[in-house]
Amino acid sequence: AVTGPMTLAGNLSVSGAGTTLTLGGHRVNVGGFFTISGGATLVSTQTADTLDVRGPYAQFQGTAGDHAGLMTAGALLVAGDLYLDGDGVDMSGTHRVALTGTGTGTQTIFSSTPARPLQDVRLEGTRSLAATNLTVRGTFAVTTAAPVTVSSFGTWQLGGAVTSPATASWALTTVQLDAPASIAAVA
């Protein structure tokens with residue numbers, strides 16, 4: 001378990017069945033990439049829990065149920081790409097993913113199937129977003145005023161409010177809106 005705020009200049013890999021990284025109400029900043037695999041789990045159940053990955057990507061590999069009930073609060077901040085491999089990701093409650101990439105170019109969320117649910121997602125940075133097979137149980141919000149493009153490949157399944165400023169453009173292929181989903185432009 002993390003016992004206080006922590007900053008790593010390099011990469012953080014958590015691997016192996018029975019290995020758990022519990023944020024415990026703290027912030028962990030990772031300057032490189034973050035990976036979790038091999039049955040390892042990330043516990044983010046407190047509002048203050050924050051994993052801030054500033055490197056090129058954050059990658060979750062796992063099997064069904066690995067993270068069920070373990071990522072229910074706090075935040076995953078990702079400046080690079082987010083890879084959801086396997087069926088282990090299952091975010092719920094008030095947990096949020098914030099895409100914080102700056103500069104130009106496109107930030108990517110890649111999921112081979114829509115079976116890896118995120119809870120709330122916010123596009124906060126200045127980079128555009130391309131996401132494959134995205135499932136969001138809660139809200140999806142574009143909060144940046146930067147002129148970004150939100151695009152999709154595969155199916156997006158959205159279960160909550162979708163908000164976006166007029167500066168954002170959208171190019172989605174297939175979207176499934178589940179009750180109580182709604183879409184609104186924010187001036």
Side-chain angles (χ1 to χ4, degrees), residues 23 34 36 41-47 49-51 53 57-101 106-125 127-187:
L23 296 176
F34 171 80
I36 191 158
T41 54
L42 172 66
V43 177
S44 179
T45 56
Q46 298 179 39
T47 303
D49 288 347
T50 304
L51 177 60
V53 182
Y57 63 87
Q59 183 173 31
F60 288 78
Q61 297 175 324
T63 56
D66 282 355
H67 288 92
L70 299 180
M71 298 179 76
T72 58
L76 170 63
L77 312 179
V78 182
D81 296 328
L82 176 59
Y83 298 105
L84 308 173
D85 301 328
D87 293 321
V89 173
D90 188 356
M91 299 174 189
S92 59
T94 59
H95 192 275
R96 73 180 165 89
V97 173
L99 304 168
T100 60
T106 302
Q107 202 165 351
T108 301
I109 297 177
F110 176 79
S111 179
S112 56
T113 73
R116 294 149 188 94
L118 306 180
Q119 181 58 36
D120 296 322
V121 176
R122 293 182 7 191
L123 179 56
E124 298 178 352
R127 294 173 61 196
S128 291
L129 171 66
T132 302
N133 296 320
L134 180 65
T135 299
V136 179
R137 287 184 173 131
T139 61
F140 183 96
V142 178
T143 61
T144 181
V148 296
T149 299
V150 179
S151 59
S152 72
F153 302 94
T155 300
W156 277 30
Q157 186 173 343
L158 304 172
V162 177
T163 57
S164 174
T167 54
S169 60
W170 291 74
L172 305 180
T173 52
T174 303
V175 177
Q176 176 182 329
L177 298 177
D178 296 331
S182 63
I183 299 176
V186 179

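Numbers for residues simply follow the sequence, beginning at 1.
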Student check: side-chain heavy atoms of [X] and [Y] closer than 4.5 Å:
X      : Y      : result
Thr167 : Val148 : no
Val136 : Gln157 : no
Leu42  : Leu23  : yes
Ser44  : His95  : yes
Ser92  : Thr72  : yes
Leu118 : Leu84  : yes
Met91  : Val89  : yes
Val97  : Leu82  : yes

Donor-acceptor contact below 3.5 Å, side chain Asp81 vs main chain Gln107 = no
Are the side chain of Thr144 and the backbone of Gly125 linked by a donor-acceptor contact shorter than 3.5 Å?
-> yes
Which residues pass the side chain to side chain donor-acceptor pair (under 3.5 Å) test with [X], sequence neighbours left out?
X      : result
Ser152 : Thr173
Thr139 : Asp120
Ser169 : Thr149
Gln59  : Asp85

Partners meeting side-chain contact (heavy atoms from CB on, under 4.5 Å) with Leu177 (sequence neighbours left out) =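 By the side-chain contact (heavy atoms from CB on, under 4.5 Å) rule, Leu177 matches Leu158, Val175, Ala181, Ile183.
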For Ala145, which residues count as a side-chain contact (heavy atoms from CB on, under 4.5 Å) partner, sequence neighbours excluded?
->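 Per chain and number, Ala145 pairs via side-chain contact (heavy atoms from CB on, under 4.5 Å) with no residue.
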Let me know which of Thr100, Thr143, Leu77 forms a side-chain contact (heavy atoms from CB on, under 4.5 Å) with Arg122.
->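 Going through Thr100, Thr143, Leu77 one by one, the side-chain contact (heavy atoms from CB on, under 4.5 Å) with Arg122 is satisfied by Thr143 alone.
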Please walk me through it: do Ile109 and Leu99 pass side-chain contact (heavy atoms from CB on, under 4.5 Å)?
-> CA-CA 9 Å; Ile109 297 177; Leu99 304 168; 3.9 Å; yes
Which pairs, with at least one residue in residues 143-167 and sequence neighbours excluded, count as a ring pair (Phe, Tyr, Trp, His ring centres under 6.0 Å)?
-> Phe140-Trp156
Any chance you could measure Thr108, atom OG1, to Leu129, atom CG, to the nearest 0.5 Å?
-> 7.5 Å
Can you tell me how far CD of Gln61 sits from CD1 of Ile36, rounded to the nearest 0.5 angstrom?
->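 That separation rounds to 10.0 Å.
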Considering all heavy atoms of both residues, which atom of Ala168 and which atom of Val142 are nearest to each other, and what is their separation?
->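 Heavy atoms of Ala168 and Val142 come nearest at CB-CG1, 4.1 Å.
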Does anything in [range] pair up under salt bridge (charged side-chain N to carboxylate O under 4.0 Å, His left out), and if so which pairs, sequence neighbours excluded?
range            : result
residues 159-181 : none
residues 137-150 : Asp90-Arg137
residues 91-100  : Arg96-Glu124

Return the set of residues passing ring-ring contact (aromatic ring centres under 6.0 Å, His included) with Phe34 (not counting sequence neighbours), or none when no residue passes.
->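 For Phe34, the residues satisfying ring-ring contact (aromatic ring centres under 6.0 Å, His included) (neighbours in sequence not counted) are Phe60.
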Any residue meeting ring-ring contact (aromatic ring centres under 6.0 Å, His included) with Phe110, in chain and number order, not counting sequence neighbours = none
